[in-house]
Amino acid sequence: MTNKMSKVYTSLWAVIAAAYGIWMSFFMSWDQYPYIIPTEADLALPKEEFIAKFDGMLYMPLYPNNIVFWLWVIGSTALLFCYGLFIKKILFAEKLTKATTVFCIINLIAGCAFVTWYGFLSYPEQFGNILTDVTASMLGLKYPWEFKAWGVLASVSVFTNTLYMYRKNNYSGKLGVIITSLGCAAIYLTINLPSAGTKIIMTPRCIGHWATALIFAFLAAFGVIIFLLHKCREKDKKYIVATVIFVAILLLMLGLLVFVGKSAFIENLPMWVAYLLLFMINFTSFFDKKENKSKELASV
């Protein structure tokens, strides 16, 4: 990859960050999104009464004042600008340094740990079984800032480790970088358009929430799959098996969503597999070939 492409990617993320900052500043500044803190008496209510009282989260504002809101806007916008730096330091540095390796493995482990912990947080039983009914965004009704952290950590960990996988294997697929970038940017919209309750559906907020969550899930997964398919073309048996398993898990998740229902547990299935796969490719020798791996960069 050339320095010219580095500037293209950096510019892409600068545009994404600027657009996000403008959107948050001028279109979301009014959105003091409320959330639920039910009392013990509320939790004892029958399911129908509980949902009737709390659906839509009409009680406490997410941002207690403008300072908190603007700190979040500035901080999250600045972080989006950093994605261009991630590309430069991982894909375009002279070599993968120990610091880069440590950074990637730490945020991979932190992302996996947080996503897992968040998916099993407690939630009022009136909304159903946590394994089959409660989604990551529904957990955000009770844990709004943890929901934001979930999105940020998932995005950063998947993005940086996908880049690390590309660089370690001398893969320069431009489509993969762009697709992964767009997917990992989309989650920032998802976490700023959280679930509004079980009845408030088919609104611009709800459609935006669902659409950006799906964009993150499928584009981030596609950024991994496009690399796996490249390895399959090299007739690498281990990568062929890994590709089949990864795609099968994605199809299983879709099947569970259709026939069982959406839940944080089901949503986490492909995330856990992706984290395991990225860890094995990036930080173990399981997929490494014994022969010299100094090949020409592949391109898409």
Side-chain angles (χ1 to χ4, degrees), residues 16 19-20 23-24 27-28 30-36 51 54-58 62 72 76 80 111 114-115 118-121 123-124 127-159 179-225 247 249-274:
I16 290 173
Y20 169 83
W23 174 67
M24 287 295 294
F27 295 96
M28 298 298 290
W30 54 268
D31 191 14
Q32 300 297 303
Y33 192 62
Y35 61 92
I36 299 173
I51 293 177
F54 286 97
D55 187 48
M57 306 190 319
L58 302 176
L62 172 58
W72 165 248
S76 55
L80 283 171
F114 192 92
V115 164
Y118 178 79
F120 289 97
L121 285 174
Y123 196 80
F127 276 158
N129 187 298
I130 194 167
L131 294 180
T132 58
D133 301 312
V134 180
T135 66
S137 57
M138 287 178 70
L139 286 169
L141 298 174
K142 186 175 181 182
Y143 307 100
W145 287 103
E146 288 85 347
F147 179 59
K148 289 183 183 294
W150 168 84
V152 169
L153 282 171
S155 177
V156 171
S157 58
V158 170
F159 184 73
I179 287 294
T180 304
S181 293
L182 295 177
C184 290
I187 199 68
Y188 283 79
L189 304 186
T190 307
I191 59 178
N192 284 291
L193 291 170
S195 173
T198 57
K199 293 181 180 177
I200 306 178
I201 59 174
M202 301 313 295
T203 62
R205 174 197 288 280
C206 179
I207 293 172
H209 172 78
W210 286 348
T212 54
L214 290 173
I215 289 171
F216 166 68
F218 286 100
L219 293 193
F222 187 69
V224 175
I225 290 172
V247 172
I249 291 295
L250 292 176
L251 294 176
L252 174 62
M253 183 197 72
L254 288 176
L256 290 173
L257 288 174
V258 172
F259 297 108
V260 177
K262 55 185 180 177
S263 75
F265 177 77
I266 292 173
E267 293 166 346
N268 275 348
L269 281 176
M271 290 292 291
W272 289 325
V273 176

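Residue numbers run from 1 in the order of the sequence given.
- By the side chain to side chain donor-acceptor pair (under 3.5 Å) test, Thr180 is found to be paired with no residue, residues two or more places apart in sequence or in another chain being considered.
- Residues forming a side chain to side chain contact (heavy atoms under 4.5 Å, CB included) with Ile179 (at least two apart in sequence, or on another chain): Leu175, Leu219, Phe222.
- Taking the side chain as every heavy atom from C-beta outward, Leu182 and Ile215 never approach each other to under 4.5 Å.
- Across all their heavy atoms, Asn268 and Gly119 have their closest contact at ND2-CA, 4.0 Å.
- What you find for Ser155 and Cys184 is that their closest heavy atoms are OG-O, 2.7 Å.
- Using a 4.5 Å heavy-atom cutoff, the side chains of Thr212 and Ile191 are not in contact.
- When the ring-ring contact (aromatic ring centres under 6.0 Å, His included) test is applied to Trp72, the partners found at least two apart in sequence or on another chain are Trp145.
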Begin from the C-alpha positions of Leu189 and His209 and carry the test side chain to side chain contact (heavy atoms under 4.5 Å, CB included) through to its verdict. CA-CA 7 Å; Leu189 304 186; His209 172 78; over 6 Å; no
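- Phe159 meets the ring-ring contact (aromatic ring centres under 6.0 Å, His included) test with Trp13, Tyr83; sequence neighbours excluded.
- The minimum heavy-atom distance linking Ala185 with Ile16 is given by the pair CB-CG2, 3.7 Å.
- Side-chain contact between Trp150 and Ile187: present, with at least one pair of heavy atoms (C-beta onward) separated by less than 4.5 Å.
- A distance-only check finds a donor-acceptor pair linking the side chain of Thr190 to the backbone of Ala213 [under 3.5 Å].
- In this structure, the side chain of Tyr118 engages the main chain of Ala136 through a donor-acceptor pair within 3.5 Å.
- Every side chain to side chain donor-acceptor pair (under 3.5 Å) that Tyr20 has, sequence neighbours left out, goes to Ser76, Asn192.
- Atom-to-atom distance recorded for Tyr188:OH and Leu80:CG is 5.0 Å, nearest 0.5 angstrom.
- In this structure, the side chains of Val115 and Leu153 stay at 4.5 Å or more apart for every pair of heavy atoms.
- Among all heavy-atom pairs drawn from Ala149 and Phe114, the shortest one is CB-CZ, 3.7 Å.
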